[in-house]
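Here is the structure we will look at.
First listed ligand is number 1; within each ligand, the first listed atom is number 1.
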Amino acid sequence: MAATIPSLRLPAGIDMPAYGIGTWRMGESPRVRAAEVNALRHGIESGVTLIDTAEMYGDGEAESIVADAVGSGRDRLFIVSKVLPSNASRRGTVAACERSLKRLKTDRIDLYLLHWRGSYSLADTVAAFEELRAAGKIRAWGVSNLDHDDMQELWHVPHGRNCQADQVLYNLTRRGIEFDLLPFCHQHAIPVMAYSPLEQARMLRHRILAEVAKRHGASPAQVALAWLLNQGVIVIPKATNTAHADENLGALDLVLTAADLATLDAAFPPPDAPQPLDML
Ligand SMILES: NC(=O)c1ccc[n+]([C@@H]2O[C@H](COP(=O)([O-])OP(=O)(O)OC[C@H]3O[C@@H](n4cnc5c(N)ncnc54)[C@H](OP(=O)(O)O)[C@@H]3O)[C@@H](O)[C@H]2O)c1
């Protein structure tokens, strides 16, 4: 049975699923390409409609893998892709988007992000995003790896407040954004997309995660994802292994109790001072 995935509304009025599939490290080896297409297809058949990719992943090959997995089902999906900072000039952003559209075999990207800040001005990248949006090539734009001070700067750029999301490293072991960036995004109704929500599987052996999981007959990965969903952010776990993908979807049915949240807070304390944004 297909999972029921909650959605949230972007400030522009577009609905976006709160749970998706990541694609970093896909497209790097022809040997596992078929398995990667299969993993995405499996996710889509299981009800996942949000796919997160980037021109950087596999040097564009991850976007081609997404296209192969999506096939004729494009209209049911919400596709996120990202422009590299080295391409994020006024004209370079537009050209990069055109290349991504070709690889994705689609006529629009639902949410197009600046992957991280580089040397081009935010004003130039935003102007290009606005041009792409007016042309219907992207439905919305946002940013990634922008910290609280970057977001404040973006807010003073012409049309900068049209930003619809910030995709950042966020999981139980990386809670720094809760001090200032997350409140800023909440205040402006900007959804946060939590990348590496499982800390690339490194956190899954943590004793406390296992303890909370045991209370629910769940897995540590499900607890880690359910905690993020409970924080009101979008999660995009990546899993090429379909058993992992199925397990992760189970997080949508896991409701953490106040006691669980207190246990997790004690083991993974929230920040009590500003911290620079971590990046992977
Ligand atoms: N904007 C950015 O700068 C940025 C940076 C990093 C990531 N991202 C995005 O966020 C997505 C997710 O982050 P991520 O890929 O870095 O890390 P992640 O989703 O935290 O972890 C992925 C790793 O965990 C394993 N895994 C997944 N589910 C598991 C489970 N239930 N049990 C055990 N292992 C499990 C996967 O293995 P298998 O593949 O073998 O199943 C894979 O090795 C990326 O794919 C990408 O789309 C964005």
Side-chain angles (χ1 to χ4, degrees), residues 17-29 31-33 35-40 42-43 46 48 50-58 60-63 65-66 69 78-86 88 100 104 109-118 141-147 150 165-174 177 181 191-206 209-210 213 218-229 233-252 254 277-280:
Y19 184 106
I21 312 176
T23 63
W24 191 20
R25 307 243 85 113
M26 289 193 181
E28 293 181 359
S29 159
R31 201 172 43 84
V32 290
R33 190 183 196 283
E36 290 168 348
V37 171
N38 183 51
L40 291 182
H42 179 83
S46 307
V48 179
L50 163 61
I51 300 181
D52 180 79
T53 190
E55 65 168 334
M56 183 188 98
Y57 302 162
E61 187 58 20
E63 291 180 323
I65 286 173
V66 171
F78 190 103
I79 296 179
V80 179
S81 194
K82 315 183 192 82
V83 58
L84 277 168
S86 53
S100 286
L104 286 162
I109 290 168
D110 296 285
L111 178 64
Y112 196 43
L113 309 178
L114 171 63
H115 209 147
W116 65 91
R117 266 192 96 165
W141 64 264
V143 292
S144 178
N145 296 300
L146 259 61
D147 206 346
D150 300 311
D166 192 7
Q167 183 179 120
V168 292
L169 177 59
Y170 185 38
N171 61 50
L172 271 166
T173 68
R174 312 261 197 175
I177 69 165
L181 180 60
V192 166
M193 296 180 72
Y195 77 66
S196 306
L198 305 174
E199 188 65 17
Q200 300 182 330
R202 287 183 292 272
M203 65 192 281
L204 300 180
R205 285 170 183 269
H206 196 286
L209 267 190
S219 73
Q222 289 170 339
V223 172
L225 295 171
W227 179 82
L228 284 167
L229 291 166
V233 301
I234 297 166
V235 296
I236 45 169
K238 177 252 177 190
T240 300
N241 178 324
T242 53
H244 287 163
D246 291 345
E247 178 187 324
N248 295 345
L249 264 178
L252 292 164
L254 175 58
L277 181 63
D278 286 332
M279 247 182 106
L280 282 185

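Each of the following atoms of ligand 1 lies closer than 4.0 Å to a heavy atom of His115: 1 (N), 2 (C), 3 (O). Numbered from 1 in the order shown, with element, the atoms of ligand 1 that lie under 4.0 Å from a heavy atom of Gln167 read 1 (N), 2 (C), 4 (C), 8 (N), 9 (C), 48 (C). For ligand 1, the atoms lying closer than 4.0 Å to a non-hydrogen atom of Pro237 are 19 (O). Heavy-atom contacts of Glu199 reach the following atoms of ligand 1: 20 (O) (cutoff under 4.0 Å). Every atom of ligand 1 with a heavy atom of Trp24 under 4.0 Å away is listed here by number and element: 6 (C), 7 (C), 16 (O), 44 (C), 45 (O), 46 (C), 47 (O). Below 4.0 Å from some heavy atom of Leu204 lie the following atoms of ligand 1, by number and element: 32 (N), 33 (C), 34 (N). Close approach to Glu247 involves these atoms of ligand 1, each under 4.0 Å from a residue heavy atom: 31 (N). If you number the atoms of ligand 1 from 1 as listed, the ones under 4.0 Å from a heavy atom of Ile236 come out as 9 (C), 10 (O), 11 (C), 12 (C).
A salt bridge between Lys238 and Asp52 is absent, with no side-chain N of the basic residue lying under 4.0 Å from a carboxylate O of the acidic one. A salt bridge is defined here as a Lys NZ or Arg NE, NH1 or NH2 lying under 4.0 Å from an Asp or Glu carboxylate O, and Arg174 with Glu199 meets this definition.
In this structure, the side chain of Asp110 engages the main chain of Ile79 through a donor-acceptor pair within 3.5 Å. Side-chain atoms of Tyr57 never come within 3.5 Å of backbone atoms of Glu63 as a donor-acceptor pair (strictly under, hydrogens ignored). No donor-acceptor distance shorter than 3.5 angstrom exists from the side chain of Asn248 to the backbone of Ala245, with no hydrogens or angles considered. Judged purely by atom type and a 3.5 angstrom limit, Asp278 has no side-chain atom pairing as donor or acceptor with the backbone of Leu169. No donor-acceptor pair under 3.5 Å is formed between the side chain of Gln222 and the backbone N or O of Ala213.
In this structure the side chain of Ile65 reaches within 4.5 angstrom of the side chain of Arg33, judged on heavy atoms. No side-chain heavy atom of Leu114 sits under 4.5 Å from any side-chain heavy atom of Lys82. Under the 4.5 Å side-chain criterion, counting only non-hydrogen atoms from C-beta, Asn145 is not in contact with Gln167. A 4.5 Å side-chain heavy-atom check between Thr23 and Leu40 finds at least one atom pair inside the cut-off. Counting only heavy atoms from C-beta outward, the side chains of Thr53 and Trp24 never approach each other to under 4.5 Å. Contact of the Val235 side chain with the Leu228 side chain is registered, since non-hydrogen atoms from C-beta on lie closer than 4.5 Å.
In terms of protein heavy atoms, atom 20 (O) of ligand 1 is closest to Leu198 N, 2.8 Å. Ranking the protein heavy atoms by distance from atom 21 (O) of ligand 1 puts Gln200 CA, 3.3 Å first. Closest to atom 6 (C) of ligand 1 among all protein heavy atoms lies Tyr195 CD1, 3.2 Å. Protein heavy atom nearest atom 39 (O) of ligand 1, with residue, atom name and distance: Thr240 N, 2.8 Å. For atom 3 (O) of ligand 1, the nearest non-hydrogen atom of the protein is Asn145 ND2, 2.9 Å. The nearest protein atom to atom 47 (O) of ligand 1, hydrogens excluded, is given as Asp52 OD2, 2.6 Å; this is a heavy-atom distance.
When non-hydrogen atoms are compared, ligand 1 lies under 4.0 Å from neither the backbone nor the side chain of Asn171. Looking at Ser196 against ligand 1, both its backbone and its side chain come within 4.0 Å, counting heavy atoms. Of all the heavy atoms of Pro197, the ones lying under 4.0 Å from any atom of ligand 1 are found in both the backbone and the side chain. Counting heavy atoms closer than 4.0 Å to ligand 1, residue Leu113 contributes nothing at all. When heavy-atom distances to ligand 1 are checked against a 4.0 Å cut-off, Asn248 comes that close only through its side chain, counted from C-beta outward.
Side-chain N/O atoms of Glu36 and Thr240 include no donor and acceptor closer than 3.5 Å.
Not a single heavy atom of Trp116 sits less than 4.0 Å from an atom of ligand 1. Within the 4.0 Å heavy-atom shell around ligand 1 one does not find Met26.
Residue Ala201 holds the heavy atom nearest to atom 25 (C) of ligand 1 of all those in Pro220, Ala201, Ala239. Here the shortest heavy-atom distance to atom 29 (C) of ligand 1, taken over His244, Gln222, Met193, belongs to His244. Ranked by closest heavy atom to atom 22 (C) of ligand 1, the top entry among Arg202, Lys82, Glu36, Lys238 is Lys238.
Geometrically, ligand 1 and Ala221 share no nitrogen or oxygen pair separated by less than 3.5 Å. The shortest N or O to N or O distance between Thr53 and ligand 1 is not below 3.5 Å.
In this structure, the separation between OG on Ser46 and CG on Leu249 is 6.0 Å, given to the nearest 0.5 Å.
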Practice problem: For side-chain contact (heavy atoms from CB on, under 4.5 Å), just list the numbers for Val168 and Val192, CA-CA rounded to whole Å, side-chain angles, deciding distance to a tenth of an Å, and then say yes or no. | Solution: CA-CA 7 Å; Val168 292; Val192 166; 3.9 Å; yes
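In this structure, atom 43 (O) of ligand 1 has no protein heavy-atom contact shorter than 4.0 Å.
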